[in-house]
Amino acid sequence: MPWLLKSEPDCFSILDLAKSPKRTTFWDGVRNYQARNFLRDSMKLGDRVLFYHSSCDPAGVAGTATIVREGYPDFTAWDKKSDHFDPKASESNPIWQMVDIQLEEAFTDLLPLPALRDVPTLKNMELLRKGSRLSVQPVTDAEFAAVLKLADKLGLRAKR
DNA sequence: GCCAACGTTGGC
DNA sequence: GCCAACGTTGGC
């Protein structure tokens, strides 16, 4: 199943991912139980990911990635120096999970959120639901394909 | 920077 | 177990 992962580009952008060793990173800092359950139970090796930039202007889809390691304990949770430190977590009780993702394709430019709202296929997409804040979201195959198709149409996919 | 929507906390 | 208060998210 495809997924959508949100990141604030000021914190970690798709360019940061592109510059990472092997264009791969661990997806740490998720501190929401519903999102945690997706990371732990549902994300599978090889699943594709829409990399979404949130809290920026405009917000939108920045590219795609794939899951290259399935859920494992998020060790930043018991690192006191981490921004994502959680006093309730420990090595023996990790609470939080993360996955590793590898960059697949960075769009040449952001696919802006308002453009997604114009696509009929995406009408029920979790991202577009009013009040939706989930930072790890399942995406249907049809939705994933529709986003890529729109990126094509807007000329945001340079390499082939 | 505003504020609506949501999740979490904690008193009862 | 309810629910008010609070903190956070994230589009605008």
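Below, read A as the first sequence line, B as the second, and so on, with proteins coming before strands; counting in each chain starts at 1.
- The two residues Leu116(A) and Val147(A) make their nearest non-hydrogen contact at CD2-CG2, 4.2 Å.
- Partners of Arg40(A) according to the salt bridge (Lys or Arg N to Asp or Glu O under 4.0 Å) rule, which considers only residues two or more places apart in sequence or in another chain, do not exist here.
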Which nucleotides of DNA chain B pair, in dot-bracket form (Watson-Crick or G-U under 3.5 Å, | meaning another strand) = ||||||||||||
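- A cation-pi arrangement, defined by a distance under 6.0 Å to the six-membered ring centre and an angle within 45 degrees of its axis, is present between Arg69(A) and Tyr72(A).
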Sequence-aligned protein contact record of nucleotides 3-11 of chain C, with B where the base is within under 4.0 Å of a protein heavy atom and S where only the sugar-phosphate is = ----BBBBS
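- Counting heavy atoms from C-beta on, the side chains of Gln137(A) and Lys6(A) come closer than 4.5 Å.
- For Gln97(A), there are no side-chain hydrogen bond (donor to acceptor under 3.5 Å, both in side chains) partners two or more places apart in sequence or in a different chain.
- A search for side-chain hydrogen bond (donor to acceptor under 3.5 Å, both in side chains) contacts involving Ser90(A) returns Ser92(A), not counting sequence neighbours.
- At the heavy-atom level, Arg129(A) lies under 4.0 Å from the strands shown only through sugar-phosphate atoms.
- Within a heavy-atom distance below 4.0 Å of DNA chain B, the residues of residues 74-96 of chain A found are Lys88(A).
- The six-membered or imidazole ring of Phe75(A) lies near that of Phe26(A), with a centre-to-centre distance under 6.0 Å.
- Residue Lys149(A) places its NZ atom among 12 or fewer non-hydrogen atoms of other residues, nucleotides or ligands, all under 6.0 Å distant.
- Using the six-membered ring where Trp is involved, Phe12(A) and Phe51(A) have ring planes that are tilted, between 30° and 60° apart.
- For the pair Glu126(A)/Leu4(A), no side-chain contact is recorded, criterion being any heavy-atom separation below 4.5 Å from C-beta on.
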